[in-house]
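Step one of this worksheet: look at the structure below.
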Amino acid sequence: MSSIQVLSTTTVHAPNHNPCDPNYHHTIDLTPWDLQFLPFGVNQKGLIYHHPSKLDTSNQIEHLKHSLSSTLEFFPPFTGRLKIKENEDNTISCSIMCNNAGALFVHAAAENTSVEDILGATYHPKILHSFFPFNGVKNYEGTSKPLLAVQVTELVNGIFIACTVNHVVADGTSIWHFINSWAKISNGCVEISKIPSFERWFLDGIQPPIQFPFTIEPQNNHHSNNDYHKEEKLNLHERMFHFTKENIAKLKFKANLEAGTKNISSLQAVFTHIWRSIIRSKNLDPQEEVHYVVVIGVRPRLIPPLKENYFGNALIDPAVSMKVGDLLQDNGLGKGALEINKMIALQSDEMLKNDYESWLKTPSFITDAKFNCKTLVASSSPWFDVYGNDFGWGKPAGVRTGGENKENGNICVFQGVEEGSMDLEVCLSYETLEAIGNDPKFMDVLSN
């Protein structure tokens, strides 16, 4: 596989048929859920497609540009820029200017790379990261860089569509809302079924914009200048693990049986199953504490719940801590899954509002500091509609993420291609991924 060749770059604007529409040329104030991502890397999601026979790729690229422009009419934040204002009290405030400055569209080619080179590889090939635009970009750079960048890379027998989104602007729910809408418009729909709502949620009594201290300095990126960390990242690899609907059901049944409950979900059982295998591979002391961070959406947890079409970030990242010995004991699947279940159940309306208020008093930001050899961080959701994204030439053959924010212990979950299945994209050292792949207690569940 060779490197990619960039064929063209274009700035795509929304058509803006109605300049008087208040959705355009206005400012969106941001919440703590948004602002916490300022020093973090951009969010990257990508879909891979087989080419149908007799497809004119030049028309395909132009069609994607045109349909992207039409879709951006419904998503004005994606054509805007961040505005960071310095206040007299040494604080800053940050907002989105919906000024239709435009999104970036990159057309590229990887002439010697096929769909099978991506989907058939045990480990993600390194060329995959070059399919995504804006590698190395932090979210605060959205003051000058587009908040959405799309790269369409032509393969030998397919196409890869990658979206890089400024994480201050949108979370996974909103990103997939956009991708789902773009696919529908590309496939002939004139309107989208779920119009996004851009009004952010603020606690009663909070007057936006929120002012907070923030400096762009090395400590915000913790390990960025650490030679050991750089060397560790060079040894990181990514691998997909596929769980069938039947295997997930068996894991869920076993976890609930061991825990003496009916409350453990399929996802909680799957997360615990891979957690146990990863910790087994590390040969840690039984008394050591290990941690599992689960990124949770809060839209339905508030009272009243946020609108289903709420566009922005609405995420928290609580963690479960357990001793190695407890997690790896014979009934550890049930015990670990029950702890995750209890932790998620605690995220009530009251707790969410207390955490929100605490952020206002003591702002904190998402960095890579939470990643280490004893901590896993799971994000995304198997309920996001990945395989319904038909741009007009069929459904995706697979989903992948980019290289941004990939740290030792990163797990990204997606729906699988078969109904009811799940895929876990796992980023760990090569040695750990090999150990998991050779762990019969883990792999036997996947192969049964």
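When a residue number appears, it is its place in the shown sequence, counting from 1.
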[X] vs [Y] aromatic rings, parallel, tilted or perpendicular, using cut-offs 30° and 60°?
| X | Y | answer |
| --- | --- | --- |
| H167 | F40 | tilted |
| F78 | F311 | perpendicular |
| Y430 | Y123 | tilted |

Assert yes or no for the condition that the ring centre distance of [X] to [Y] is strictly below 6.0 Å.
| X | Y | answer |
| --- | --- | --- |
| Y140 | F365 | no |
| W33 | W201 | yes |
| F384 | F414 | no |

For the residue pair [X] and [Y], what are the closest heavy atoms and their distance?
| X | Y | value |
| --- | --- | --- |
| N405 | N410 | O-ND2, 3.7 Å |
| A162 | P133 | CB-CD, 4.4 Å |
| L284 | V324 | CB-CG2, 3.9 Å |
| L82 | M97 | O-CE, 4.2 Å |
| Q151 | I4 | NE2-CD1, 3.4 Å |
| N135 | E404 | C-OE2, 3.5 Å |

Measure the shortest side-chain to side-chain distance between [X] and [Y] over non-hydrogen atoms and say whether it is less than 4.5 angstrom.
| X | Y | answer |
| --- | --- | --- |
| I28 | C98 | yes |
| Y292 | I411 | yes |
| P32 | L360 | yes |
| L267 | W383 | yes |
| V320 | F271 | no |
| I159 | H51 | yes |
| N408 | L428 | yes |
| V156 | N112 | no |

Distance from [X] atom [atom1] to [Y] atom [atom2], nearest 0.5 Å?
| X | Y | atom1 | atom2 | answer |
| --- | --- | --- | --- | --- |
| C427 | L376 | SG | CG | 11.0 Å |
| Q211 | D89 | CD | CG | 5.0 Å |
| I96 | K83 | CD1 | NZ | 13.5 Å |
| N166 | F37 | CG | CZ | 10.5 Å |
| I340 | I264 | CD1 | CD1 | 9.0 Å |
| I92 | N87 | CD1 | CG | 8.5 Å |

Can you establish whether the number of heavy atoms outside [X] located under 6.0 Å from its atom [atom1] is more than 12?
| X | atom1 | value |
| --- | --- | --- |
| K85 | NZ | no |
| E288 | CD | yes |
| E308 | CD | no |
| K307 | NZ | no |
| N90 | CG | no |

*Give every residue pair that meets the salt bridge (Lys or Arg N to Asp or Glu O under 4.0 Å) criterion with at least one member in residues 167-189, sequence neighbours excluded.*
D171-R299
Judged by atom type as modelled, is there a donor-acceptor pair below 3.5 Å linking the side chain of [X] to the main-chain atoms of [Y]?
| X | Y | result |
| --- | --- | --- |
| Q268 | S265 | yes |
| T11 | L104 | no |
| H177 | K194 | yes |
| T79 | G102 | no |
| Q347 | R301 | no |
| N180 | W176 | yes |
| N313 | V168 | yes |
| N341 | N263 | yes |
| T164 | Q44 | no |

*Trace of the side chain to side chain contact (heavy atoms under 4.5 Å, CB included) decision for W393 with F391*: CA-CA 6 Å; W393 57 85; F391 284 83; 3.3 Å; yes
_Looking only at the side chains, is there a donor atom on one of E431 and N235 sitting less than 3.5 Å from an acceptor on the other?_
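Indeed, the side chains of E431 and N235 share at least one donor-acceptor pair under 3.5 Å.
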*Donor on one side chain, acceptor on other, H107 and E154, under 3.5 Å*: yes
*asked:* Assess the residue pair V377 and D317 against the criterion (side chain to side chain contact (heavy atoms under 4.5 Å, CB included)); give the C-alpha distance rounded to whole Å, side-chain angles, the decisive distance to 0.1 Å, and a yes or no.
replied: CA-CA 9 Å; V377 180; D317 57 351; over 6 Å; no
*Could you tell me whether R200 and D34 make a salt bridge, using a distance below 4.0 angstrom between a side-chain N and a carboxylate O?*
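Salt bridge present between R200 and D34.
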*Do K406 and E425 sit within salt-bridge range, that is, some charged N less than 4.0 Å from a carboxylate O?*
yes
*Does the pair I192 and F75 meet the rule for a side chain to side chain contact (heavy atoms under 4.5 Å, CB included), with working shown?*
CA-CA 11 Å; I192 61 175; F75 294 86; 4.0 Å; yes
Between side-chain atoms of residues 65-72 and protein atoms elsewhere (two or more places apart, or another chain), which donor-acceptor pairs fall under 3.5 Å?
residue	atom	partner	partner atom	Å
K65	NZ	T10	OG1	3.3
S67	OG	H63	O	3.1
S67	OG	L64	O	3.1
S67	OG	W182	NE1	3.0
S69	OG	H13	O	2.7
S70	OG	H66	O	3.2
T71	OG1	S67	O	2.7

*Verify side chain to side chain donor-acceptor pair (under 3.5 Å) between E238 and H129, making sure each step is shown before the conclusion.*
CA-CA 11 Å; E238 299 155 79; H129 292 172; 2.7 Å; yes
*Are W359 and D355 close enough, and set up right, to give a side chain to side chain contact (heavy atoms under 4.5 Å, CB included), and what steps lead you there?*
CA-CA 6 Å; W359 194 97; D355 288 348; over 6 Å; no
_Just to verify, which of M322, E339, E289 counts as forming a side chain to side chain contact (heavy atoms under 4.5 Å, CB included) with L327?_
M322
*Can a cation-pi geometry be assigned to K145 and F134, taking NZ or CZ under 6.0 Å from the six-membered ring centre and within 45° of the ring axis?*
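The answer is yes, since K145 meets both limits relative to F134.
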